[in-house]
Amino acid sequence: MKKKSLLAALLLSALLVPAGAFAAAPETPDVHVDAATEHLTDKAPSETIRVKPEKAEIRQISNVVYEQVPMRGYPNVAMKMDILQPQKRTAPLPAIVFITGGGFVNANKDNGAQLRMHLAEHGYVVASIEYRVAPTARFPEPLEDVKASIRYLKANAQKYHIDPARVGVIGGSAGGYLSAFAGTTSGTTTFDTGDNLDVTSDVRAAVDLYGLSDLTQIGADYDAETQARHRSPGATEALWVNGSPVFGGADGGIPAHPEAAAAANPINYIWRKSAPMLLMHGTADTVVSPSETDLLYQALQNARIPSERYLVENAQHGGVYWVQDKVLDIITNFFDRYLKNDGASLWQ
């Protein structure tokens, strides 16, 4: 009986609420600019400017877990990405995965901020990823991470407002190497493992900035002493391919295991469905020989894969030259050609 009385009281109180009590507040109230100061007798005037919105507002979504993988000492390590997402849009946007460099031993996804923002402001969803590195991981695990990040974005295309048919990759140094690898192996499932295997890791365009293509010739453009260091067991490319002999890897430098080195070279995976590729290298690079991108470029040309290469005069391995508009525009125009239907901004 008490329950019936309580229910009746609630119904009665609802009927007695005024009709306008639940009316929604106006979404955009009228604005009387500076109403609080208009009475001032000695009011200092403000200057009014007119601004035409020509850029998209960019939202960052940080530390998105795109896979969980084993790494020495840990059975389950989260690999993360940071996503830059243009906010004003009417259609799904093309996406670009940014792969940082780090000498094969680190992968800080905070890098490349100016490049990533430039691409986002030109209508791309840009995901900067971390990946496993030597000596706790070795090839092909980092490439498997790259492939997993591409599949994650495609599998979650609706969530991030992405067109899964228009995905590209870009990276510098070790990231350029991995970007080139994603490009040359596009159309295959050779390094696909883990989650979201119902979608592909194919890309429609790849950009390789001063990356490696043949791990046995990284020092080819340098003096004999530098070349000898690259042949040593302590060279990071040796750890990348061979691992540490203390923890089950193979001893020796890159030349000691030619088959393993060849299997870790993107130049050896070019085929008819490899993605179009842009390669760029600085003429003052003292870390990775400029020959590395030329070797790959010549091989792509011989295989009739759409490709182009630029030498940036006086540019070093990373640094200020790589954030200049002339360089950024070459990169953006390349992606526009292959990832946008008409080359126009998709957020307008």
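In this chain, residues are counted from 1 in sequence order.
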### Query
Is the ring centre of Phe104 less than 6.0 Å from the ring centre of Phe139?
no
### Message
So, using ring pair (Phe, Tyr, Trp, His ring centres under 6.0 Å) as the criterion, who are the partners of Tyr310 when residues are at least two apart?
### Response
none
### Task
Check step by step if side chain to side chain contact (heavy atoms under 4.5 Å, CB included) holds for Asn314 and Tyr321.
CA-CA 8 Å; Asn314 297 320; Tyr321 283 88; 3.4 Å; yes
### Task
Decide side chain to side chain contact (heavy atoms under 4.5 Å, CB included) for Val65 and Met81; before the verdict, give the C-alpha distance in whole Å, the side-chain angles of both, and the deciding distance to 0.1 Å.
CA-CA 6 Å; Val65 176; Met81 62 170 62; over 6 Å; no
### Message
Let's go through Ser173 and His317 carefully: what are the C-alpha distance in whole Å and the side-chain angles of both, what is the deciding distance for side chain to side chain donor-acceptor pair (under 3.5 Å) to 0.1 Å, and is it a yes or a no?
### Response
CA-CA 8 Å; Ser173 192; His317 195 75; 2.7 Å; yes
Look up atom [atom1] in [X] and atom [atom2] in [Y], then write down how far apart they are to the nearest 0.5 Å.
X	Y	atom1	atom2	result
Ser128	Leu115	OG	CG	9.5 Å
Thr184	Ile270	OG1	CD1	6.5 Å
Arg231	Ile254	CZ	CD1	12.5 Å
Ile99	Ser149	CD1	OG	6.5 Å

### Message
Just to verify, which of Asp208, Ile330, Ile170 counts as forming a side chain to side chain contact (heavy atoms under 4.5 Å, CB included) with Leu278?
### Response
Ile330
### Task
Please check if atom CD in Gln298 has more than 12 non-hydrogen atoms from other residues, nucleotides or ligands closer than 6.0 Å.
yes
### Task
Take atom CD of Glu308 as the centre, draw a 6.0 Å sphere, and report whether it contains more than 12 heavy atoms from other residues, nucleotides or ligands.
yes
Restricting to non-hydrogen atoms, name the atom on [X] and the atom on [Y] that form the minimum distance, rounded to 0.1 Å.
X	Y	answer
Asp251	Pro233	OD1-CB, 4.4 Å
Gly183	Ala206	CA-CB, 4.0 Å
Ala180	Met277	O-CE, 3.7 Å
Ala205	Tyr338	CB-CB, 3.8 Å
Trp322	Met280	CZ3-CB, 3.7 Å
Leu212	Tyr177	O-CD1, 3.2 Å

Using the salt bridge (charged side-chain N to carboxylate O under 4.0 Å, His left out) criterion, which residues pair with [X]? Sequence neighbours excluded.
X	result
Arg309	Asp294
Lys326	none
Arg229	Glu225

### Message
Tell me if a side-chain donor or acceptor on Asn196 pairs with a main-chain N or O of Ala155 at a distance below 3.5 Å.
### Response
no
### Query
Would you say Thr236's side chain and Gly103's backbone share a donor-acceptor pair under 3.5 angstrom?
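Between the backbone of Gly103 and the side chain of Thr236 there is a qualifying donor-acceptor contact (under 3.5 Å).
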### Task
Go through the steps to decide whether Gln301 and Ser307 satisfy the test side chain to side chain contact (heavy atoms under 4.5 Å, CB included), and finish with yes or no.
CA-CA 7 Å; Gln301 288 285 299; Ser307 52; 2.8 Å; yes
### Task
Could you tell me whether Glu121 and Arg116 make a salt bridge, using a distance below 4.0 angstrom between a side-chain N and a carboxylate O?
no
### Message
Within 45 degrees of the ring normal and closer than 6.0 Å to the centroid, is that where the cationic atom of Lys147 sits relative to Phe181?
### Response
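So Lys147 doesn't make the cation-pi contact.
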### Query
Does the side chain to side chain contact (heavy atoms under 4.5 Å, CB included) test come out yes or no for Thr200 and Asp192, once each step is laid out?
CA-CA 8 Å; Thr200 75; Asp192 282 302; over 6 Å; no
Output side-chain donor-acceptor pairs under 3.5 Å for residues 45-52, partner residues at least two apart or in another chain, one line each.
none

### Query
Can Gln68 and Asn76 be counted as having a side-chain donor-acceptor contact under 3.5 angstrom?
yes
### Task
Say whether Val105 and Val287 are linked into one hydrophobic cluster, either directly or through other cluster members, by side-chain heavy-atom distances under 4.5 angstrom.
no
### Query
For Phe247, what are the other residues in its hydrophobic cluster, where any two members join if their side-chain heavy atoms are less than 4.5 angstrom apart?
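Once heavy-atom contacts under 4.5 Å are chained together, Phe247 belongs with Val246.
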